[in-house]
Structures are given as structure tokens and as C-alpha cells.
Amino acid sequence: MIGCFVTGTDTGVGKTLVAAGLLHALARRHRRVVGMKPVAAGLDGNGDSEDASALRAASTLAVPAALDNPVLLADPLSPHIAAQRAGVRIDVSALVRSYQALAAQADAVVVEGAGGFHVPLSDSATGADLAQALALPVVLVVGLRLGCLSHALLTAEAIRSRGLALAGWVANRVHPAMDAVDENIAYLRTHLGAPLLADIAHQRPPDARSTVLALPAQWQ
Ligand SMILES: Nc1ncnc2c1ncn2[C@@H]1O[C@H](COP(=O)(O)OP(=O)(O)OP(=O)(O)O)[C@@H](O)[C@H]1O
Ligand SMILES: C[C@H](N)[C@H](N)CCCCCC(=O)O
Ligand SMILES: [Mg+2]
């Protein structure tokens with residue numbers, strides 16, 4: 001079973017695009033691939049999670065929402081606040097049980113975190129605790145903008161301090177015209193200590209199916 005946890009340098013950096021791209025790449029080699037958004041905050045026009053829907057569209061396995069999106073919160077806020085407003089307590093162990101139920105029926109599971117790596121899930125748990133409890137290799141999406149270098153290095157340090165592997169990182173050109181973008185990527189290539197899986201061009205609108213992503217070597 002292949003599993004990975006997709007995190008990012010921030011919210012809005014392209015984690016969903018990359019998670020869906022990984023699902024498409026995995027589906028070319030494996031029969032049963034499924035995405036998971038353990039905690040989603042914010043609803044689309046259908047009252048669903050835009051992220052969970054995007055991951056479902058890229059998955060080959062259809063599962064109940066209780067497994068692929070166990071916590072769906074209405075307010076587009078930090079999950080600990082959205083959960084408090086909804087009267088919900090986010091329990092990392094329950095999220096891990098949903099993941100295990102998915103993993104039992106899939107060849108590959110791609111988990112998309114909320115926000116950045118240390119996003120609060122409650123007063124006592126963060127996204128990093130969830131990644132650690134899942135014990136999955138992490139893929140880091142770097143949204144290329146001024147400030148992303150420090151965010152990327154801090155996130156890589158946090159991932160490794162949890163004893164997790166940084167399986168690879170993705171350079172996502174979220175800005176149409178960032179100055180010195182190639183120099184920023186070059187710096188991270190030599191300082192993140194993990195393979196660059198993709199350099200994603202700015203696209204309007206972004207398309208996960210045509211986004212070319214290398215899979216980490218251990219999954220080939
Ligand atoms: N390469 C790109 N080119 C242009 N727009 C992009 C690109 N990647 C992502 N975007 C856009 O940036 C926005 C944020 O992307 P996305 O929703 O994938 O971020 P995220 O990290 O998953 O955010 P969240 O923390 O809410 O889950 C979306 O509107 C998406 O379409
Ligand atoms: C609502 C948004 N799209 C994300 N799902 C949640 C981002 C939370 C960020 C919290 C923070 O680190 O300040
Ligand atoms: Mg997302």
C-alpha cells in the first residue's frame with residue numbers, strides 16, 4: 001500500500017492540485033487509488049468540500065464521506081475555530097481510523113492536509129500531529145511567492161523533527177510573474193534535501209490531469 005501526506009508552505013498554495021495530480025499519476029499504475037481530506041473547512045455551492053470533491057474526481061475508488069472526508073466544517077477558517085463554532089471536537093485518532101479503513105481497501109491513498117503543516121486542529125492537536133499519527137511520507141507543496149523560502153525550510157525541518165520522511169517537494173508557480181522564480185527554485189533544490197517532483201507552471205485554470213508529477217522513487 002502506498003500512502004502519502006500532502007502539506008504546503010501555506011493555505012492556497014496548490015495542495016489540492018498536487019494531491020489530485022498524484023492520484024492521476026498513481027492511477028496510471030494502480031487500480032484502486034483514493035484521496036482523503038481528513039479535515040475540510042469551508043463549503044462549495046453544493047454544501048460539500050471543494051477539496052474533497054476534487055480528490056474524488058481524481059480517485060478510482062468511491063468511498064463514503066465518513067472515510068474520505070470525516071470532518072467537514074462550514075466556516076472557511078482555521079479548523080480549530082471552525083470546529084469550535086460547529087460544536088465539533090476534532091479527534092486525531094478517529095481520523096487515523098478512517099485512514100486505516102481506506103488503506104485496507106486501496107492500493108494508494110493520498111491525504112491532503114489543511115493549511116500549512118502546523119495548522120491547529122484543536123487546542124491540543126495540529127496537522128503535524130495528524131501526519132505523525134498517520135506515519136506517512138510527506139510531499140511538500142511550495143507556493144512560489146516572496147517568503148516561500150523560509151516557509152519551505154521551516155516546514156521541512158518540522159516534518160523531519162517528527163521523524164517523518166520528506167518524500168519530495170513540488171514547486172508551484174501560483175503567481176503569474178514572480179521575480180527570480182528560477183533562482184528561488186534553484187535554492188530549494190540544493191537546500192531542501194528532497195527530490196523536486198514537479199515544477200508546475202502558472203495555469204488558468206489549473207488542470208490536475210495534465211499536471212506532470214514524478215512519483216517518489218520508492219513508489220515506482
Ligand atoms: N499552478 C497554478 N496556476 C494558477 N493557479 C493555481 C495554480 N495552483 C493552484 N492555483 C490556484 O490557487 C488556488 C489555491 O490552490 P489550492 O486550492 O490547490 O490550494 P490548497 O493549498 O489546496 O489550499 P487549502 O489550504 O485551502 O486546501 C486555487 O484557486 C487554485 O486554482
Ligand atoms: C479555509 C482554508 N481554505 C483552509 N482550509 C484552512 C486554512 C487554515 C490556516 C490556519 C493558519 O495557519 O493560520
Ligand atoms: Mg486544498
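Along the sequence shown, residues are numbered consecutively beginning with 1. Counting starts at 1 for both ligands and their atoms, following the listed order. As the structure is a computational prediction, the values presented were derived from the model and not from experiment.
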Q: Answer with yes or no whether A41 contacts ligand 2, where contact means a heavy atom under 4.0 Å from a ligand atom.
A: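 The answer is yes, since A41 has a heavy atom less than 4.0 Å from ligand 2.
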Looking at [atom], what's its closest protein heavy atom, distance included?
atom: atom 20 (P) of ligand 1; result: K15 N, 3.4 Å
atom: atom 8 (N) of ligand 1; result: N172 ND2, 2.9 Å
atom: atom 17 (O) of ligand 1; result: T16 OG1, 4.1 Å
atom: atom 26 (O) of ligand 1; result: T11 OG1, 3.4 Å
atom: atom 13 (C) of ligand 1; result: G12 O, 4.4 Å
atom: atom 4 (C) of ligand 1; result: Q203 O, 2.9 Å
atom: atom 11 (C) of ligand 1; result: P206 CG, 4.2 Å

Q: Side-chain contact test, heavy atoms from C-beta onward, threshold under 4.5 Å: evaluate it for T211 versus Q203 and give yes or no.
A: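 A side-chain contact under 4.5 Å exists here.
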Q: Drop me the distance from D10's CG to K15's NZ, to the nearest 0.5 angstrom.
A: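 Output value for this atom pair is 7.5 Å.
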Ligand 1 N/O within reach of [X] N/O, cut-off under 3.5 Å:
X: G113; result: no
X: G14; result: yes
X: V13; result: yes

Q | Ligand-residue contact atoms, ligand 1 with E112, heavy atoms, under 4.0 Å | A |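 Those of ligand 1 that fall under 4.0 Å from E112 are 22 (O), 27 (O).
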Using a 4.0 Å heavy-atom cut-off, say whether [X] meets ligand 1 through its side chain, its backbone, both or neither.
X: E50; result: neither
X: P205; result: neither
X: D51; result: side chain
X: K37; result: side chain

Q) Hey, is A114 touching ligand 2 through its side chain, its backbone, both or neither, going by heavy atoms under 4.0 Å? A)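 Neither; no heavy atom under 4.0 Å.
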Q. Quick one: does ligand 2 sit under 4.0 Å from the side chain of L77, the backbone, both or neither, non-hydrogen atoms only?
A.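 Within the 4.0 Å criterion, L77 contacts ligand 2 through backbone atoms alone.
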Q: Just do the side chain to side chain contact (heavy atoms under 4.5 Å, CB included) check on L149 and N184 with the steps written out, would you?
A: CA-CA 7 Å; L149 299 181; N184 278 262; 3.4 Å; yes
Q | Shortest-distance N, O or S atom of E112 relative to the Mg ion (ligand 3) | A | OE2
Q. So, is T16 placed with an N/O/S atom under 2.8 Å from the Mg ion (ligand 3), counting both backbone and side chain?
A.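 Checking the Mg ion (ligand 3) against T16, an N, O or S atom does fall under 2.8 Å.
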Q. Taking both backbone and side chain into account, is any N, O or S atom of E50 nearer than 2.8 Å to the Mg ion (ligand 3)?
A.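 Looking at E50, which is the residue asked about, there is no N, O or S atom under 2.8 Å from the Mg ion (ligand 3).
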Q) So, are D129 and R162 salt-bridged, with charged N and O less than 4.0 Å apart? A)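 Yes, charged N to carboxylate O under 4.0 Å.
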Q) Protein heavy atom under 4.0 angstrom of atom 29 (O) of ligand 1, is there one? A)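 No, because not a single protein heavy atom sits under 4.0 Å from atom 29 (O) of ligand 1.
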**Q.** Nearest neighbour of atom 4 (C) of ligand 2 from the list D75, T126, T11, on a heavy-atom basis
**A.** T11
